[in-house]
Structures are given as structure tokens and as C-alpha cells.
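Letters A, B, ... mirror the listed sequences (proteins, then strands); counts begin at 1. On a predicted model such as this, the values are computed, not experimentally measured, just so you know.
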Number of protein chains: 2
Amino acid sequence: MTSKQEFIEKLRNSSLRPTKQRINICEVLFNRDKTFHFTISDLFNLIKDKTGEKISLATVYNTVHAFHKKGYLKEIPINSNQTYFDTNVTDHHHFFDVKEEKLIDLKNEDVGPIEIQKSIPGKKIKSVEVLVKLED
Amino acid sequence: MTSKQEFIEKLRNSSLRPTKQRINICEVLFNRDKTFHFTISDLFNLIKDKTGEKISLATVYNTVHAFHKKGYLKEIPINSNQTYFDTNVTDHHHFFDVKEEKLIDLKNEDVGPIEIQKSIPGKKIKSVEVLVKLED
DNA sequence: AATCTTCTTTAGAATAATTATAAACAAGTA
DNA sequence: TACTTGTTTATAATTATTCTAAAGAAGATT
């Protein structure tokens, strides 16, 4: 459980002004035990439910993008009509249950080491992500 | 080089009527040496250039979806504003050059074996795909 | 505290990818 | 040929996301 005060400091340290909206979003996103997968629209609705106050959709987009840029959120590479984000920014992989459109975490130790034996001149590897699609 | 006649048979065997548009799309997509990564909009423009005739955008969508459903095209899981497809439907992985928004094939032997040490009851693995993001 | 600058929020408009619609048309079949 | 069914088409509708510009809030300066 992170206190409001701690979020304020974290925001300041990232040169993001600690506005009421950003603090609320922090509380909804980061005061959790388990990792959280969400779309912007999930988050938008959740904020209304949890805090009783509505934050403009544009602000939700702005904030999620800001947090993503600062490395507090990770974008999950799946094809869906909406973009999924993850509060777990450590290196890890995903199951995607195609039928139920549901994401499930794979701990890094659930996946053996991945060796990439090819390289592209002038480019370096930024991330290696595995998506395991599941069917019935 | 596959002949028009062969495409017609393949379409019939998939219970897709061999229309002029579908045959043209087959020729643009599948008469290639190398694997081909594309978005709908890429394909739409390419058809105009290669065949001189314009196929309605809706038809391009319909056809790509039909081919995908039949297993002749693979959808590549990356987050982009557009959906990418691949004519190589075998198991393989991708580099994605984030800056240039370009996909590069990784042969299966370029990536070491991937062990998944977790399973979800009632579900089986449909595919395992690795996306390696590249930066400068 | 008052002022000033800069950043942020906001509603709504704009954009862009994709899907839906329904009429015209072409393919397969009897 | 006539009939049925599947396909194409232009266009409208939908949906996710980004842009815009004005109002508001935060931080710094006096």
C-alpha cells in the first residue's frame, strides 16, 4: 500500500506535476498486489467506479502515455482493437487466451532463456517478449 | 510461381469463390520468393500499382480476413496503429524496428528453443511467438 | 500573498483504422 | 435460362486515438 504522499514524491521525481488526476490514477493502478492488465477504456471506467470522480478521457490517455514513457507502465504487444498496458514493467511474458480475450502473466522463470542468434547492424535489442496463444 | 489456374483451385478447395479480385490478391500476395509483411493499406496500394486495377478497400479487408481465417495468412502481434499480416504462416518470430516501423523475419533457427514451464488447465498452447524490439 | 510562467486538464473536434449496410453483380447450380 | 447464393462496392457508421485551444492549477519569483 503506497500512500498518497509517496505517489506525490514519485511524480515530482519524474518531473510530472502531482495533480489530483495523476494521483488518483496512481492509486487505481499501483495500489494492487497483483499485476494489472488494462486498456484505456478499462481504466477510464475503473476510475469513475473507484474514486467516484470522472477524469477526462484525454487526461487518461495523456497520463497513461506519460507513465509509459517514464517506464511505469509496459505496453503489451498483442493484436486487439485496443492497446493493452501492464503495471508489471519487469521483463516478463504473456499467455493470451484467444477465446476469452484474456491476458495471463508468465513469470520470467516460467519461460526458459531466449537466445537470439541474429543481429541487425546498427540496431540493438530493446526487448524480447513472448506471447503464447492459448486455445481450448 | 503459381499460375492463375492453381490459385483458382486453391480457392475452390477452401470454398471461396475464385473471383477476379481474389485471384489478383493471391497473385500479389503469394507469387513471391520471400515472406511478405504488410498492412491492409500497403496491400491496397500495391494492388493498384501491380495490376493497374483498383479493388475496393472493403474487399481487401474481406479477402485478407478470409485468407487469415483459412490459415493462408498470419497476423503478427505488434502494437501499431495498423494490423500487420505475414504470408509466412509457419512458426517463426520477428524483429520490429521501432523507429522505422519495420518488421524483419527471424528464422526459427535464429531463436533458441523456447520452454514454457507453466500451463493453464483446460487450455493448450496454440502458438509461441517472440517479438524482439530493436532500437538504435 | 500577488504575479508570472509553465504545465495540465478538459470538452469537443479531427483523424484513422476497421466494420457494417444494402444494392448491384457474378458464380455456381438446376 | 432461371434461380440461388456468395461477393463486391461505395458509402456510412463505429471506434480508438490524437489534436486543439481555452480554462485552470502548480511552481517559482518577488
Does a nitrogen or oxygen in the side chain of [X] sit under 4.0 Å from OP1 or OP2 of [N]?
X: A:Tyr61; N: D:dT17; answer: yes
X: A:Lys54; N: C:dA11; answer: yes
X: B:Thr59; N: D:dT7; answer: no
X: A:Arg12; N: D:dA26; answer: no

Measure from the side-chain heavy atoms of [X] and tell me the nearest of [options].
X: B:Leu16; options: C:dT6, C:dT19, D:dT7; value: D:dT7
X: B:Ile40; options: C:dT6, C:dT18, D:dT17; value: C:dT18
X: B:Arg17; options: D:dT9, C:dA26, C:dT8; value: C:dA26
X: B:Thr83; options: C:dT9, D:dT9, C:dT18; value: C:dT18

Distance check needed: [N] [atom2] versus [X] [atom1], whole Å only.
X: A:Glu53; N: C:dT10; atom1: CD; atom2: C1'; result: 15 Å
X: A:Gln21; N: D:dA23; atom1: CD; atom2: P; result: 18 Å
X: A:Glu9; N: D:dG27; atom1: CD; atom2: C1'; result: 17 Å
X: B:Asn62; N: C:dT18; atom1: CG; atom2: P; result: 13 Å
X: B:Ile23; N: D:dT8; atom1: CD1; atom2: C1'; result: 14 Å
X: A:Glu75; N: D:dA16; atom1: CD; atom2: P; result: 16 Å
X: B:His65; N: C:dT19; atom1: NE2; atom2: P; result: 5 Å
X: A:Leu57; N: D:dC19; atom1: CG; atom2: C1'; result: 13 Å

Original post:
Do A:Glu75 and A:His68 come within less than 4.5 Å of each other through their side chains, counting heavy atoms only?
Top reply: yes
Original post:
Closest nucleotide of DNA chain D for A:Gln82 versus for A:Pro18: which of these residues is on the 5' side?
Top reply: A:Gln82
**OP:** Between B:Ala58 and A:Lys20, name the one whose nearest nucleotide on DNA chain D is closer to the 5' end.
**Re:** B:Ala58
Subject >> Short N-O contact, A:Asp97 and B:Lys123, less than 4.0 angstrom >> reply: yes
Subject >> B:Glu53/B:Lys20 ion pair, N-O < 4.0 Å >> reply: yes
Original post:
Taking atom NZ of A:Lys126 as the centre, does the number of heavy atoms from other residues, nucleotides or ligands within less than 6.0 Å exceed 12?
Top reply: no
Original post:
Under the side chain to side chain donor-acceptor pair (under 3.5 Å) criterion, do B:His37 and B:Asp105 qualify, and how do the steps go?
Top reply: CA-CA 9 Å; B:His37 302 129; B:Asp105 263 16; 2.7 Å; yes
**OP:** Before giving the answer on side chain to side chain donor-acceptor pair (under 3.5 Å), spell out for A:Thr35 and A:Asp86 the whole-Å C-alpha distance, their side-chain angles and the decisive distance to 0.1 Å.
**Re:** CA-CA 7 Å; A:Thr35 187; A:Asp86 194 335; 2.7 Å; yes
**OP:** Under 4.0 Å between any heavy atoms, over every strand shown, what does A:Thr39 touch: base, sugar-phosphate, or nothing? Just pick one.
**Re:** nothing
Original post:
Base, sugar-phosphate alone, or nothing: which one does B:Thr19 contact when heavy atoms must sit under 4.0 Å apart?
Top reply: sugar-phosphate
Original post:
On a plain distance test, is the side chain of A:Arg22 in donor-acceptor contact with the base of C:dT8 below 3.5 Å?
Top reply: no
